[in-house]
Amino acid sequence: MDLALLRTFVTVHRAGSFTRAAALLGLSQPAVTSQIRTLERQVGRPLFLRQARGVTPTTIGDELAHKAAPHLDALVEIAESGLEEDSSLRTLHLAGPPEFTAERALPSLTELTGEDGQGFALRASFGTADEVLEGLAAGHHDLAISTVRPRGALLTATALCDEEHVLVAAPHRAEQIGAGSLRRTGPAALERVPVVEVHESLPFVARYWASVFGSRPVCPGTVIVPDLRAVLACATAGAGLAVLPRYLVAGALERGEVVALHEPAVPPLRTYFLAVRTGTLAMPHIARAHEWLERAAADWC
């Protein structure tokens with residue numbers, strides 16, 4: 001059986017679409033369709049059911065994919081790493097949001113980068129949820145941390161941990177607001193308070209308002225910076241209120257640099273997912289990093 005046909009088949013199985021598989025493989029859609037038909041003739045059974053949006057694998061298609069994918073991935077890994085004497089040190093490509101990856105994931109993986117015969121080189125990339133998942137699907141990354149659970153058979157995701165969000169401001173801002181009155185007045189006390197956020201759409205503040213107050217924020221976005229660590233720095237300097245992950249703001253809270261303006265009975269949460277391409281956990285260095293991050297995440301929640 002032609003390995004090129006199997007590679008195309010596995011890519012279609014993971015992508016759930018001839019069009020997406022063609023883009024990932026750098027082929028035309030007719031070429032992908034032709035290869036799948038050739039493989040189906042060799043197998044003697046249909047491997048996919050064509051639908052209006054993409055394809056669904058048949059039982060035979062699923063069975064073939066589960067048997068072939070790990071071996072194809074291993075062959076690709078061998079081809080990419082080469083046969084040099086130092087190729088035993090594999091490279092793990094990790095992608096995720098900049099703050100969480102820098103503060104949580106990367107420090108947890110540094111112990112695995114040693115030269116103990118089982119270590120690996122580490123390369124990290126930052127991006128939005130869509131960017132890191134697209135890069136993972138295209139083969140640019142081995143592991144991706146995302147706040148969005150990927151859909152389809154191409155990627156497999158595991159819930160990693162929940163992130164609690166906290167409404168904070170510098171102490172003098174809290175005094176001006178009268179933070180203790182929030183329980184009585186609700187968000188009305190915050191309507192004229194400037195906001196520090198990562199985007200003009202106020203994603204963190206809007207999510208907090210919807211979850212805790214059941215309303216939309218009407219506060220202005222005064223400072224917009226695309227990094228939560230910069231948001232914290234601006235909030236600490238008194239630029240305005242901010243909604244931040246507790247792991248990121250815990251130290252500032254302990255030092256009194258910011259204070260929590262509200263402590264809801266049920267704080268807003270956001271889930272992080274650890275995603276891989278289906279079948280790639282058969283590769284030892286990816287499986288080891290995946291397991292290590294899952295263990296570390298038990299202490300993050």
Side-chain angles (χ1 to χ4, degrees), residues 1-80 92-96 125 127-160 271-287 289-290 294:
M1 191 174 291
D2 190 337
L3 289 179
L5 298 182
L6 281 176
R7 179 170 178 261
T8 297
F9 161 72
V10 169
T11 304
V12 172
H13 184 273
R14 289 172 171 171
S17 162
F18 284 2
T19 302
R20 183 166 181 79
L24 293 173
L25 292 167
L27 300 173
S28 66
Q29 184 173 335
V32 170
T33 301
S34 176
Q35 290 187 26
I36 294 301
R37 286 175 177 170
T38 299
L39 186 59
E40 287 178 328
R41 286 196 298 270
Q42 292 180 4
V43 174
R45 301 282 295 275
L47 299 173
F48 296 104
L49 299 176
R50 279 68 169 176
Q51 298 180 335
R53 295 184 178 180
V55 294
T56 301
T58 62
T59 302
I60 297 297
D62 267 334
E63 183 179 348
L64 178 59
H66 292 154
K67 288 181 178 179
H71 301 290
L72 283 170
D73 288 331
L75 289 173
V76 170
E77 181 71 10
I78 291 172
E80 291 180 349
L92 180 84
H93 296 270
L94 173 71
S125 301
T128 64
D130 289 340
E131 289 170 346
V132 300
L133 291 179
E134 288 176 3
L136 178 64
H140 302 314
H141 317 308
D142 299 313
L143 290 173
I145 299 172
S146 170
T147 53
V148 175
R149 181 189 288 275
R151 297 181 179 180
L154 175 63
L155 305 178
T156 302
T158 303
L160 194 59
T271 301
Y272 281 95
F273 298 95
L274 183 59
V276 298
R277 289 188 304 283
T278 303
T280 56
L281 286 180
M283 298 181 184
H285 69 302
I286 298 179
H290 190 282
E294 284 190 295

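- With a 4.5 Å cut-off on side-chain heavy atoms, Val32 and Thr19 do not count as touching.
- Between the side chain of His290 and the backbone N or O of Ile286, no donor-acceptor pair lies under 3.5 Å.
- Here Ala137 pairs with Arg20, Leu154, Leu155 under the side-chain contact (heavy atoms from CB on, under 4.5 Å) rule; sequence neighbours left out.
- When Val10, Thr11, Leu136 are each tested for a side-chain contact (heavy atoms from CB on, under 4.5 Å) with Arg277, only one passes: Leu136.
- Taking the side chain as every heavy atom from C-beta outward, Leu92 and Leu143 approach each other to under 4.5 Å.
- The salt bridge (charged side-chain N to carboxylate O under 4.0 Å, His left out) check on Arg14 picks up Asp73, with sequence neighbours excluded.
- In this structure the side chain of Phe273 never reaches within 4.5 angstrom of the side chain of Val148, judged on heavy atoms.
- No side-chain heavy atom of Val12 sits under 4.5 Å from any side-chain heavy atom of Gln35.
- For Tyr272, the ring-ring contact (aromatic ring centres under 6.0 Å, His included) partners at least two apart in sequence or on another chain are Phe100.
- Counting only residues at least two apart or in different chains, salt bridge (charged side-chain N to carboxylate O under 4.0 Å, His left out) contacts with residues 27-48 comprise Glu40-Arg50.
- Between the side chain of Thr38 and the main chain of Ser34, a donor-acceptor pair closer than 3.5 Å is present.
- Taking 4.5 Å as the limit, every side-chain heavy atom of Met283 sits out of range of all side-chain heavy atoms of Asp142.
- Residues passing the side chain to side chain donor-acceptor pair (under 3.5 Å) test with Ser17, sequence neighbours excluded: none.
- Residues passing the salt bridge (charged side-chain N to carboxylate O under 4.0 Å, His left out) test with Glu63, sequence neighbours excluded: Lys67.
- The distance from atom NE2 of His13 to atom CG of Leu6, rounded to the nearest 0.5 Å, is 12.5 Å.
- Across Val132 and His141, no two heavy atoms sit closer than the pair O-CD2, 3.5 Å.
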